[in-house]
Amino acid sequence: MSKNKEQGFSTRNLHADRADKPEHGVLHKPIHTSVAYTYDDARDLAAVFQGKMAGFSYGRQQNPTVNALQARITKMEQGLTSTAFATGMAAIGSTLFALLRAGDHMIASAFLFGNTNSLFNSFRNFGIEVSFVDTTSASAVAAAIQDNTRLVFTETIANPVTQVADLEGIGQLCQQHGLIYLVDNTMTSPWLFQPVSVGASFVVNSLTKTIGGHGNALGGMLTDTGLFDWSSYDNIFDNYRNGDVRLWGTTQVRKKGLRDFGATLGPEAAHHLAIGSETLPLRMDRTCDNAQSLAEFCEKNPAIKQVYYPGLPHHPQHKRATSLFKKYGSIMSIDLADHIDCFDFLNRLQCVVSSSNLGDTRTLAIPVAHTIYYEMGAERRASMGVSDNMIRLSVGIEDIDDLLQDFSQALS
Ligand SMILES: *Cc1c(COP(=O)(O)O)cnc(C)c1O
């Protein structure tokens, strides 16, 4: 293999573990369970703690198995460096906790993963102002910018209604106004889209979903793209204002977020997620193709009022999704006709499983208003376009004919 030629996404990912010559020539990164580390010279231990020497100090901050996964995701996202967390929520919460202060303002998408929405509402109790705006429109984001705005947070494809944010337009705004641009890439994954291409400062992925891909481990990752200029960001504490300026933000997230909050990814979960990540492109291509076929099938079925999927030509952001993403994702939602009871429909499905997760190998279906968006209340649901008879689907890798047949029997 020529050293100079850039390898493809899958090749790089599959061979990532061998880069730092693991013991015994193992092909998979070993699962390192040790919480503590020792050094021949006690001075080295001190140097590691003081950040003067690279090395491991304590399992809450770093672990070799977790580091290997961080390196993989950094490559996938073409970023500078990544920090792993126990879950996607921990990645989001710890990052904002580390970078924002009372009196700051942030702009967030009005169409958010339910728990992220709940978390941002809690931040309000700590003196952080939050504006929820329609991020499909960069001008709506522009109108919300204030003197104390620090950060914009959006997802790529929103769940469950599948709105596609104006990722490019918001990127330009953040650049002009010096705002941190945090993109939750979970719905697209780095296989379909790399937020660094639209100027994101940070990318969040819930590894629990398509990257891990098998519904058997929780994890979250924050990737720093290296694009944000931290030298003019007041919230960086003095003791983190040294060394490579591109790393100041990540350093503060690792100290104040990961170390102090302690939502650390465990080595066993990191191992599951790393194995899962090896087949991300294969699984994602298949789930996207299945979702497209299922969306087209549902469109023609009179028992379904409305289909939400960015791959359909009438989707409001179909053109944007086509220009930004490799494919249209594995999430779609449907509004059942009024005469169909959503629970009866779910009970009639035989292959498709009623469950909340996303990005599993199996196709999962959930009645949105009655479960994941229940706590939000009817008013907020209505503002987000979530009807009482909406079913969200996370399409899996089954044989498409079996999925179509299951839908057609459950709808008839
Ligand atoms: C699931 C999800 C999260 C949270 O991830 P967890 O690993 O479940 O904590 C965040 N954002 C999006 C878009 C998600 O789908």
Side-chain angles (χ1 to χ4, degrees), residues 66 69 73 77 82-97 108-123 132 135-136 152-165 167 182-193 195 200 202-223 257-258 261-266 268-270 272-274 276-277 280 284 287 291 308 310 325 329-333 355-360 364-366 368 371-373 375-376 384 386 392-396:
V66 174
L69 181 63
I73 307 297
E77 289 289 6
S82 298
T83 309
F85 293 87
T87 64
M89 286 315 304
I92 296 169
S94 305
T95 300
L96 297 189
F97 171 77
S109 169
F111 317 117
L112 282 178
F113 179 67
N115 301 157
T116 307
N117 174 73
S118 170
L119 175 74
F120 291 174
N121 277 305
S122 302
F123 278 140
F132 291 102
T135 53
T136 65
V152 178
F153 182 101
T154 189
E155 294 171 8
T156 52
I157 302 175
N159 143 41
V161 184
T162 73
Q163 298 95 333
V164 178
L167 295 158
L182 215 173
V183 177
D184 183 335
N185 198 28
T186 303
M187 287 302 130
T188 22
S189 89
W191 174 238
L192 299 187
F193 176 62
F202 285 115
V203 185
V204 166
N205 280 287
S206 166
L207 307 175
T208 317
K209 313 293 170 53
T210 44
I211 292 181
H214 296 74
N216 61 355
L218 293 156
M221 192 69 80
L222 178 79
T223 299
L258 180 65
F261 249 19
T264 308
L265 180 66
E268 286 90 354
H272 280 303
L273 297 166
S277 80
L280 171 68
M284 197 91 197
T287 60
Y308 306 89
F325 310 143
S330 43
I331 299 304
M332 59 176 278
S333 292
S355 179
S356 64
N357 195 20
L358 296 167
D360 200 329
L364 309 176
I366 191 151
V368 178
T371 55
I372 47 175
Y373 282 19
E375 191 182 305
M376 225 172 241
M384 294 176 88
V386 174
R392 183 195 72 193
L393 297 154
S394 169
V395 180

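Only a predicted model underlies this, so the values are computations on that prediction, with no experimental measurement involved. Start at 1 and go down the list; that is how both ligands and their atoms are numbered.
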Using a 4.0 Å cutoff against the non-hydrogen atoms of M187, which atoms of ligand 1 qualify? 13 (C), 15 (O)

Regarding S206 and T186, do their side chains bring together a donor and an acceptor under 3.5 Å, going by distance alone? no

For residues S118 and N121, is any side-chain donor paired with an opposing acceptor at under 3.5 Å? no

The atoms of ligand 1 lying under 4.0 Å from a heavy atom of G219, numbered in the order shown, are 7 (O)

Determine whether the aromatic ring centres of residues F261 and F85 are separated by less than 6.0 angstrom. no

So which atom in S333 and which in P160 form the shortest heavy-atom distance, rounded to 0.1 Å? OG-O, 2.6 Å

T136 and V164 have their tightest heavy-atom pair at CG2-O, 3.6 Å

Using a strict cut-off of 4.0 Å, indicate which atoms of ligand 1 neighbour a heavy atom of D184. 10 (C), 11 (N), 12 (C), 13 (C)

What protein heavy atom sits nearest atom 7 (O) of ligand 1, and how far off is it? T208 OG1, 2.6 Å

Closest to atom 5 (O) of ligand 1 among protein heavy atoms sits S206 OG, 3.0 Å

Just need the protein heavy atom nearest to atom 9 (O) of ligand 1, so name the residue and atom and give the distance. M89 N, 2.9 Å

Protein contact of atom 4 (C) of ligand 1 - nearest heavy atom, named by residue and atom, plus distance: F113 CE2, 3.5 Å

Kindly say whether A90 contributes a backbone atom to a donor-acceptor pair with the side chain of T87 at under 3.5 angstrom? yes

for atom 2 (C) of ligand 1, nearest protein heavy atom and its distance come out as K209 NZ, 2.5 Å

One finds that the ligand 1 atoms under 4.0 Å from a non-hydrogen atom of L358 are 15 (O)

Check ligand 1 against T87 and write out every atom of the ligand that is under 4.0 Å from a heavy-atom position of the residue. 7 (O), 9 (O)

Verify, without hydrogens or angle tests, whether T223 (side chain) and S82 (backbone) share a donor-acceptor contact under 3.5 angstrom. no

